[in-house]
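Notes follow the structure.
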Number of protein chains: 2
Amino acid sequence: MIASTPAPPYYAVIFTSLRTEGDNGYEAMSEKMVELAKQQPGYLGYESGRSETGITVSYWQSLEAIKNWKLNLDHLQAQKNGCEQWYSHYKVRVCRVERDYGFEV
Amino acid sequence: MIASTPAPPYYAVIFTSLRTEGDNGYEAMSEKMVELAKQQPGYLGYESGRSETGITVSYWQSLEAIKNWKLNLDHLQAQKNGCEQWYSHYKVRVCRVERDYGFEV
């Protein structure tokens, strides 16, 4: 759903990807990574949508929290498999959220 | 697809939304907004994916370019209709992209 994040500044990691054909363990890994991310210090939230392109945005308290998540051992294994079999193309963008606003009925 | 963006820093607008039921002119508006955004000064690229949650990320050269796009007259009308009929919930986050990296087979 839409992540409930604190007042800026905070940080976002935009992960955009194109998948290869077939599952090859992707869905199970994806769910596991979300569960692991939620346990990381500084984790704030998560949003995801996929059409032809997939976009996952995770939100974090600090650049340090993002770095620690990047170096998590299970996550490193997922990153390795991602390059080898799940994605034909991906891009990661690390951002500082400067301001936000929204609307809810 | 995945936007081809220049070396950071540049800016990203993360637009996350939950849709209401039915089209109500949404698809036509959505395509028109992408075409209009592409014509705006400072536009760098665009990525989109929708599952239950929809995420659209647009990339821009500067905060000034983002502000000008926000105030575009046709875009203002779309924002108004968005609140009134297309979205039950949305959130906009304006970010500075600090670094990026990727992978392509």
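Every chain is numbered from 1, with letters handed out A, B, ... down the list of sequences.
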(message) What I'd like to find out is whether the side chain of B:Pro6 reaches to under 4.5 Å of the side chain of B:Leu44, using heavy atoms alone.
(response) yes

(request) Please report the C-alpha distance between B:Trp60 and B:Tyr43 in whole Å, then the side-chain angles of each, then the deciding distance to 0.1 Å, and finally whether the ring pair (Phe, Tyr, Trp, His ring centres under 6.0 Å) criterion is met. (result) CA-CA 5 Å; B:Trp60 302 88; B:Tyr43 171 87; 5.5 Å; yes

(request) With rounding to the nearest 0.5 Å, note down the distance linking CZ in B:Arg50 to CD1 in A:Ile55. (result) 11.0 Å

(message) At a heavy-atom distance under 4.5 Å, which candidate from B:Lys91, B:Met1, B:Arg93, B:Arg96 has the highest pair count against chain A?
(response) B:Arg93

(message) Under a 4.5 Å cutoff for heavy-atom pairs, which residue among B:Leu63, B:Val13, B:Val97, B:Val57 has the most contacts with chain A?
(response) B:Val97

(request) Could you look at B:Glu98 and say if it's the side chain, the backbone, both or neither that has a heavy atom under 4.5 Å from chain A? (result) both

(message) I'd like to know whether B:Asn72 forms a side-chain hydrogen bond (donor to acceptor under 3.5 Å, both in side chains) with B:Gln40, so could you lay out the CA-CA distance, the side-chain angles of the two residues, the decisive distance to 0.1 Å, and finally the verdict.
(response) CA-CA 9 Å; B:Asn72 173 291; B:Gln40 286 286 125; 3.1 Å; yes

(message) Can you tell me which of B:Pro9, B:Ser48, B:Gly82, B:Ala12 forms the most heavy-atom pairs within a distance under 4.5 Å of chain A?
(response) B:Ser48

(request) Check whether any side-chain heavy atom of B:Leu36 sits under 4.5 Å from a side-chain heavy atom of B:His75, and report yes or no. (result) no

(message) Between B:Glu47 and B:Tyr59, do the side chains contain a donor N or O and an acceptor N or O under 3.5 Å apart?
(response) yes

(message) Quick one, B:Lys38 and B:Tyr46 - any side-chain contact, counting heavy atoms below 4.5 Å?
(response) no

(message) Quick check on the structure: residues of residues 14-29 of chain A within a heavy-atom distance below 4.5 Å of chain B, by number.
(response) A:Ile14, A:Thr16, A:Ser17, A:Leu18

(request) Find the one option among A:Thr5, A:Asp100, A:Thr53, A:Val94 whose heavy-atom pairs under 4.5 Å with chain B are most numerous. (result) A:Val94

(request) Test side-chain hydrogen bond (donor to acceptor under 3.5 Å, both in side chains) on A:Tyr11 and A:Ser62 and set out the steps. (result) CA-CA 6 Å; A:Tyr11 291 84; A:Ser62 65; over 6 Å; no

